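Just so you know, ligand 1 is whichever comes first in the structure, and atom 1 is the first atom listed for that ligand. Given the structure is predicted, the values throughout are model-derived calculations rather than measurements.
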Amino acid sequence: MKIIVGCDHGGYELKEKILPRLRALNHEVQDIGVHSTESVDYPPYAGQVAKAVAAGKADRGILLCGSGIGMCMAANRTPGVRAVQVSEPFAARMSRRHNDSNVLCLGGRFIGLDMAMEILETWLSEPFEGGRHQKRVQMIEEFSHPKGGEST
Ligand code: RB5
């Protein structure tokens with residue numbers, strides 16, 4: 001799978017640990033940074049990853065910050081992106097099965113490497129169920145970006 005990965009200083013250390021693991025699982029990984037623990041603002045990294053996923057330049061995106069929360073909020077501003085912040089594998093699994101999540105946000109200060117890999121392996125392998133969930137996922141987009149603008 002082609003995966004684009006970004007982080008801020010709060011997610012840098014965990015990102016550095018997961019990248020070789022993802023590559024060892026034969027994923028094609030693009031790392032857009034950051035490359036140190038120097039403090040940066042997370043929204044541009046979220047935007048870059050989100051836009052790449054929305055444009056089909058990557059199959060999935062992974063974002064890491066201190067909590068995963070700010071990255072998730074920012075990534076979800078891009079149409080076509082369904083970003084989730086999760087801290088355990090069950091939520092990761094359900095976000096794939098029912099919500100077709102395409103960006104995963106992790107908190108580098110919340111979880112350790114083993115939990116991160118358990119979450120990632122679940123999230124990367126779990127299929128979307130489709131069916132009744134397909135319509136609901138489409139509705140997220142339709143209600144967030146209605147054609148013809150706001151109704152009165
Ligand atoms: C940085 O201190 C922290 O606020 C950031 O990494 C992230 O957790 C924001 O949601």
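Here the protein heavy atom with the shortest distance to atom 9 (C) of ligand 1 is Tyr42 CE2, 3.5 Å. Looking only at heavy atoms of the protein, atom 8 (O) of ligand 1 is closest to Ser67 N, 2.9 Å.
Residue Asp8 holds the heavy atom nearest to atom 6 (O) of ligand 1 of all those in Val40, Ile69, Asp41, Asp8. For atom 10 (O) of ligand 1, the nearest non-hydrogen atom from the set Gly70, Cys105, Ser39 comes from Gly70.
Residues Glu129 and Asn99 have side chains not in contact (no heavy-atom distance under 4.5 Å, counting atoms from C-beta outward).
Rounded to the nearest 0.5 Å, atoms NE2 (His133) and CD (Gln138) are 13.5 Å apart.
When each atom of ligand 1 is checked for a heavy atom of Gly66 under 4.0 Å away, the hits are 5 (C), 6 (O), 7 (C), 8 (O). Interface atoms of ligand 1 facing His9, defined by a heavy-atom separation under 4.0 Å, are 1 (C), 2 (O).
Closest non-hydrogen pair, Met71 versus Asp8, comes out as CE-N, 3.6 Å. Contact record, Cys72 with Gln85: SG-N, 3.6 Å, taken as the closest heavy-atom pair.
Using a distance-only test at 3.5 Å, with no hydrogens or angles considered, no donor-acceptor pair links the side chain of Arg82 to the main chain of Asn102.
Heavy-atom distances between Arg109 and ligand 1 reach below 4.0 Å in at least one pair.
Within a 6.0 Å sphere centred on CE of Met73, other residues, nucleotides and ligands contribute 12 heavy atoms or fewer. For Glu13, the CD atom is loosely surrounded, since the number of other residues' heavy atoms within 6.0 Å does not exceed 12.
Considering backbone and side-chain atoms alike, Cys65 places every N or O at 3.5 Å or more from each N or O of ligand 1.
Protein heavy atoms are absent from the space less than 4.0 angstrom from atom 4 (O) of ligand 1.
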